[in-house]
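See structure below.
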Amino acid sequence: MYFDTAQGMRPAPLKHNPFNALVMPRPIGWISTLDANGVANLAPYSYFNAVSADPPFVMFSANAPGPGQSKDTWKNLAAVPEFVVSLVCEADGIAMNATSQPFPPGVDEFAACGVASLPCERVRPPRVASAKAALECRVYQFVHLPKSADGRESHVVIGEVVGIHIADDVIHDGRVDERLMVPLTRLGYLNYGTLGKVFEMIRPT
Ligand SMILES: Cc1cc2nc3c(=O)[nH]c(=O)nc-3n(C[C@H](O)[C@H](O)[C@H](O)COP(=O)(O)O)c2cc1C
C-alpha cells in the first residue's frame, strides 16, 4: 500500500498510526530535568537518538498530549536548559513505564515511582542510579516542528553531551558490550524488544 500523509495517518486497512512500527527499534532515553524550583522530573522518550559521536550530540522530541498542552520535560528546559539521558535496560522496563504516567507538574517521578537517583558531574538534574549508561547534556538548540492537524506542538531538543557515565560492569576487553548493557527498545504500538542476534560486519575499503 501507499498513502499520502496529508490525507491523515490512519488509512484503511490500518487501525492505528503505523509510524512507530515502521521506524524501529528505537532506543529509550529516560530523560531527567529540573523545574524552576529544583524539583526533578523523569520520563521516557523513544523519539530519541544520537546524532553525532564526536563531538557527541543527542536529540529527543517532546510531543504535546493535546492542543495548548506541553510535556513537563519540555517546560523544565526553559527554566534549566540541562538534561540527562539515562539509557533504559531491560531490568528497568517496568519502572521506566511507571514514570511515563501523566503526573502533574512539580511531581518528582524518581520519588513517585521509587527510582533511585545519583548526582551528575556537570549538569544539575540527577541520573538514574541503575542505568548502565547516562549522558549529561546541555541544550544546544530547539527545533519547533509544525503543529499536528489538531494543534498539538512538537519540539525537538538537541543536546550537547558534556559528560558520560558508563557502568564498569558493561565494559569488556576495552569495549562496551551490548550483551552486558541489555538495552530495552521501543517497537510499534505497545511493543518492546530486546537484543536479538549480534554480529560484526567489516566495512569494505
Ligand atoms: C517507551 C516510551 C517512549 C515514549 N516516547 C515519547 C517520546 O519520544 N516523545 C513524547 O513526547 N512522549 C513519549 N512518551 C510519553 C511520555 O513519556 C509521557 O507523556 C510522560 O508523561 C511525559 O512526561 P513529562 O510530561 O514529565 O515530560 C513515551 C512513553 C513511553 C512509555
Side-chain angles (χ1 to χ4, degrees), residues 9 16-51 57-115 117 123-128 130-131 135 137 139 142-148 150-159 181-195:
M9 291 300 291
H16 307 279
N17 184 334
F19 201 61
N20 287 354
L22 299 172
V23 185
M24 58 90 191
R26 297 183 304 284
I28 305 170
W30 214 356
I31 297 190
S32 44
T33 52
L34 285 186
D35 71 12
N37 299 317
V39 177
N41 190 89
L42 177 67
Y45 284 79
S46 71
Y47 284 125
F48 154 73
N49 221 312
V51 290
F57 280 79
V58 294
M59 58 71 58
F60 72 93
S61 178
N63 312 122
Q69 300 177 346
S70 295
K71 295 282 165 87
D72 295 339
T73 299
W74 164 246
K75 285 186 277 195
N76 286 356
L77 290 175
V80 180
E82 301 171 352
F83 63 96
V84 184
V85 180
S86 297
L87 278 307
V88 175
C89 57
E90 195 178 352
D92 284 331
I94 290 170
M96 174 281 295
N97 199 32
T99 63
S100 75
Q101 294 169 69
F103 289 107
V107 170
D108 177 341
E109 287 90 353
F110 282 98
C113 300
V115 178
S117 66
V123 300
R124 287 164 281 180
R127 60 195 167 102
V128 173
S130 56
L135 313 175
C137 302
V139 170
F142 297 131
V143 178
H144 309 287
L145 301 180
K147 288 181 184 174
S148 64
D150 62 359
R152 284 171 290 124
E153 293 180 343
S154 288
H155 307 285
V156 178
V157 178
I158 301 172
M181 286 271 292
V182 200
L184 185 69
T185 65
R186 190 77 158 101
L187 306 175
Y189 313 105
L190 296 176
N191 296 337
Y192 291 84
T194 53
L195 271 190

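All ligand and atom numbering here is 1-based and tracks the order in the structure. Computed from heavy atoms alone, side chains included, the values below leave out hydrogens, waters and symmetry copies.
In terms of polar-atom proximity, Asn97 is not counted as a contact of ligand 1, lacking any N or O under 3.5 Å from an N or O of the ligand.
What sits closest to atom 26 (O) of ligand 1 on the protein, heavy atoms only, is Asn41 ND2, 2.8 Å. Closest to atom 7 (C) of ligand 1 among all protein heavy atoms lies Tyr45 CD2, 3.4 Å. Summary of contacts: the protein heavy atom closest to atom 2 (C) of ligand 1 is Arg186 NE, 3.6 Å. For atom 20 (C) of ligand 1, the closest heavy atom belonging to the protein is Ser100 O, 3.4 Å. Of the protein's heavy atoms, Pro44 O, 2.8 Å lies nearest to atom 17 (O) of ligand 1. Among all non-hydrogen protein atoms, the one lying nearest atom 23 (O) of ligand 1 is Ala43 CB, 3.2 Å. For atom 15 (C) of ligand 1, the nearest non-hydrogen atom of the protein is Lys71 NZ, 3.9 Å.
Contact annotation for Ile31 and ligand 1: no heavy atom of the residue comes within less than 4.0 Å of the ligand. By the criterion of a heavy-atom distance under 4.0 Å, the side chain of Tyr192, and not its backbone, is placed next to ligand 1. Contact annotation for Glu109 and ligand 1: only side-chain heavy atoms (C-beta onward) come within less than 4.0 Å of the ligand. Proximity of Ala64 to ligand 1, defined as any heavy-atom pair under 4.0 Å, is not found for any part of the residue.
A distance-only check finds no donor-acceptor pair linking the side chain of Asn37 to the backbone of Val39 [under 3.5 Å]. When atom types are taken as modelled, the side chain of Arg26 and the backbone of Asn20 share a donor-acceptor pair closer than 3.5 angstrom. A donor-acceptor pair is defined here as one N or O able to donate and one able to accept, closer than 3.5 Å; such a pair exists between the side chain of Ser32 and the backbone of Pro126.
For the 3.5 Å distance criterion, the side chains of Tyr45 and Asn63 fail to qualify, holding no donor opposite an acceptor.
Only one option out of Thr185, Ile28, Leu187 pairs with Tyr192 in a side-chain contact (heavy atoms from CB on, under 4.5 Å); it is Ile28.
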